[in-house]
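Remarks on the structure that follows.
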Amino acid sequence: MSFFAGHYNYIAAIILLMAGLYIVISSPNLIKKILGLNIFQNAVFLFYISLGKIYGGTAPILTGNPAEIYSNPLPHVLILTAIVVGIATMAVGLALAVRIRETYGEVEEDAIARLNRETDRTITGL
Amino acid sequence: MFIRHLPIIQIMLPLLAAPLCLLFANRPKIVWALALASAAGAALVAGFLLHAALEGGTISYLLGGFPAPLGIEYRIDAANAILLLLINVIGALALLYARPSVDYEVSPPMRPYFYICFLLCLGGLSGVAATADVFNLFVFLEISSLSAYALIAFGGGRERRAYVAAYDYLIMGTIGATFYVLGVGFLYAATGTLNMPDMAERLAAIPETSSSVRAGYAFIITGLALKIALFPLHLWLPNAYSYAPSAAAVLLAAAGTKTALYALARILFGVFGVDFTFGGELLEYLIAPLAAAGMIITSLIALRQNELKQLLAYSSIAQISYIVLGISLESRAGLEAAFLHIFNHAIIKAALFMGAGCLALRLARSSPVMLADLAALRRSMPWTLGAITLASLSLGGVPLTAGFLSKWALLIAALEKGWWLVAAAFIIASLIGAVYVWRIIYSAWFAESRRLPQENPPQEAPAIMLVPLWLMALAAIYFGWHSALPVSGALLAVDALINGAALP
């Protein structure tokens, strides 16, 4: 029991990872896929920052106290970078979803696939 | 003194030129000229770097002067110097080629942004090749991938499926990159460092059964497999390459996946080490069967394609599976053959996609270039079709071409290892490859021409597109005759990658 209590960060990360991936795979709506991707990435951020925590460590900002124990700042920095990458990805993804909506009139992937098949049929005449 | 800073100049030249181009965004011709100049400069720098790496051994550059392993280090050795030269030369030629193609395929207000995204992609790919820090590799991988998604989307003005293709690539590529980051997290937890040589040392001291290391290994391979388009994870590639603007397809096909392949090889051998990678079962029991199945299945799918670019895209997936199979042969000969094929295939696919772009430009219709269209162009576009034919011969592995050499090397490596099933898979896939290559050549020169009205046949492609096309096509044949350069390059690259470890 104390194993789970002591590691609940990682368990939460696993749950978010699976939930995010499930949303990406199962949701037909393009916007929801991007949200799922975001949840998936957040799980990774949670994992990294949990790695950096040290027993008795405080936030890795200098307090002026020479005997202070700090948590590892490197995962925090890595995650800042990864968050920026995630935001850029989400921005590009949403921009693409907007364009798809403009040109197809739909944001559901099965409707888009149906429209593409109809265009194929008109081209090949089948 | 100047040589000292070349590694960072290699990456910064395209990355700084991109925002500079933004200042001239209302004058697309200046943007193109600036982009071409910076890509040509980057190609020159890559040449200098290759020369310096071959003469003096590994070049190490510390970003900001912070000492490794705390700071970010860039290490150029024979393996990535050759890749940098490949990426930047093909990038520069693709930019030269791009002007008429982009004028046709991308709408006027978007054109400057296309070149800017192209430069960002080029800079990102160079960064992936040059870096020796696993997290920095993720950052540059994402820089190149995000600009690749945008590059593909620029084709959406003509063909709205480009938006869907870019979106699908974005979803799958981001999942891949996130898996990679997860793997890096496990490795960081196990070793406490992000610098590749340092991590290799520390990993050597950790027992192989450590679950963090094995989890990291699994996640990193899966993540990079998505970027490489290894067999079951390849679904984004055909649409992405077909609907992208032709110049973008040239860069992505020739350099994009090859760079991710290099990243996989670098991490497998430069971080995990030969013993861990070849000692485990993952390569032999999972990756090799997937790659073998992928070769055959995607070659069969390529056989059934009637659109030229879709055929080339599926053929790319098959060739990538060849390379991965070469790596998973777990022998020095296999690795050398895989590197040789990376080099040769990049040149071949660059030539083929450039040719497809020339055809798309001159056919000037909204539907994609079908194989059946090639016959009608036989008389009016002989140069384009000739170059496509040469490159196709090399793709099919006809003797006396570069493609033959690398496929032969892969086959010999499989036979030496005694893996008969793999050798059989190589032969079957090459036979199927010969058939779809023959389809291209037959459609171009021997089939009856039916589809175009003959009164107004398209003219030959402009010279600015033909020159890079023929350079690449001739290179695809030339390196089959005078193979000393790529073969010795492959040998040196594997030496640098293995870094002195013993290999069977």
Side-chain angles (χ1 to χ4, degrees), chain A residues 10 13 17 20-21 24-25 27 30-31 33-34 36-52 72 74-75 77-79 81-82 84-86 88-107 109 112-113 115-116 119-120 122-124, chain B residues 70 117 133-136 138-143 145-150 152-154 156-157 159-175 177-190 192-194 212 215 219 223 239 243 306-307 365-368 370:
Chain A
Y10 299 101
L17 210 62
L21 202 51
V24 173
I25 296 176
S27 171
L30 298 185
I31 310 283
K33 278 188 198 287
I34 295 178
L37 206 57
N38 211 343
I39 296 175
F40 179 64
Q41 287 176 319
N42 276 321
V44 176
F45 304 158
L46 186 57
F47 172 70
Y48 261 72
I49 299 193
S50 314
L51 285 179
N72 191 349
L74 184 58
V77 169
L78 297 180
I79 292 311
T81 310
V84 171
V85 171
T89 308
M90 193 153 89
V92 176
L94 288 174
L96 285 171
V98 167
R99 281 277 183 229
I100 292 179
R101 173 75 162 91
E102 282 174 6
T103 49
Y104 280 88
E106 297 279 349
V107 272
E109 65 171 2
I112 293 171
L115 285 170
N116 280 341
T119 324
D120 280 338
T122 21
I123 288 183
T124 59
Chain B
L70 294 173
C117 283
D133 180 294
V134 284
F135 197 81
N136 202 224
F138 161 71
V139 172
F140 277 114
L141 196 62
E142 283 301 84
I143 292 178
S145 296
L146 280 170
S147 34
Y149 310 147
I152 295 173
F154 279 109
E159 170 62 74
R160 62 183 185 176
R161 288 184 216 210
Y163 295 133
V164 182
Y167 182 89
D168 287 339
Y169 183 15
L170 183 144
I171 298 287
M172 295 183 82
T174 308
I175 295 179
T178 311
F179 272 170
Y180 174 81
V181 155
L182 204 46
V184 165
F186 278 108
L187 288 184
Y188 177 68
T193 178
L194 292 171
S212 336
F219 275 115
N239 286 342
Y243 302 123
N306 291 320
E307 282 181 41
R365 292 184 319 225
S366 52
S367 57
M370 311 290 277

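Contacts of A/I112 with chain B are made by side-chain atoms alone, with heavy-atom separations under 4.5 Å and no backbone atom involved. For A/L21, the part lying near chain B is the side chain, with the backbone staying farther off; criterion is any non-hydrogen pair under 4.5 Å. Heavy atoms of B/F186 lying under 4.5 Å from chain A belong to its backbone as well as its side chain. When heavy atoms are compared at a cutoff of 4.5 Å, B/Y167 approaches chain A by way of both its backbone and its side chain. Only the side chain of A/V24 comes within contact range of chain B, with heavy atoms under 4.5 Å apart. For B/L194, the part lying under 4.5 angstrom from a heavy atom of chain A is the side chain only. Using a 4.5 Å cut-off between heavy atoms, A/L17 contacts chain B through its side chain alone, with no backbone atom that close. Looking at B/V181, both its backbone and its side chain come within 4.5 Å of chain A, counting heavy atoms on both sides.
Of the listed residues (A/N116, A/T81, A/L115), the one with the most heavy-atom contacts under 4.5 Å to chain B is A/N116. Contact count versus chain B (heavy atoms, under 4.5 Å) is highest, among A/V92, A/L30, A/N72, for A/L30. Taking chain B as the reference chain and counting heavy-atom pairs below 4.5 Å, the highest number among A/V84, A/L37, A/L51 is found for A/L37.
Atom CD1 of residue B/I175 and atom NZ of residue A/K33 lie 8.5 Å apart, to the nearest 0.5 angstrom. In this structure, OG1 in B/T178 is found 7.5 Å from CZ in A/F45, a value given to the nearest 0.5 Å. For the atom pair CG of B/L170 and OG1 of A/T89, the computed distance is 6.0 Å after rounding to the nearest 0.5 Å.
Look at A/D120 and B/R161 and you find a salt bridge, because one of the NZ, NE, NH1 or NH2 atoms lies within 4.0 Å of a carboxylate O, short of that distance.
The minimum heavy-atom distance between B/G185 and A/Y48, with the atom names listed, is N-OH, 3.1 Å.
Using a distance-only test at 3.5 Å, with no hydrogens or angles considered, a donor-acceptor pair links the side chain of B/R160 to the main chain of A/T103.
Looking only at side-chain heavy atoms (C-beta outward), B/F135 and A/L74 stay at 4.5 Å or farther from each other.
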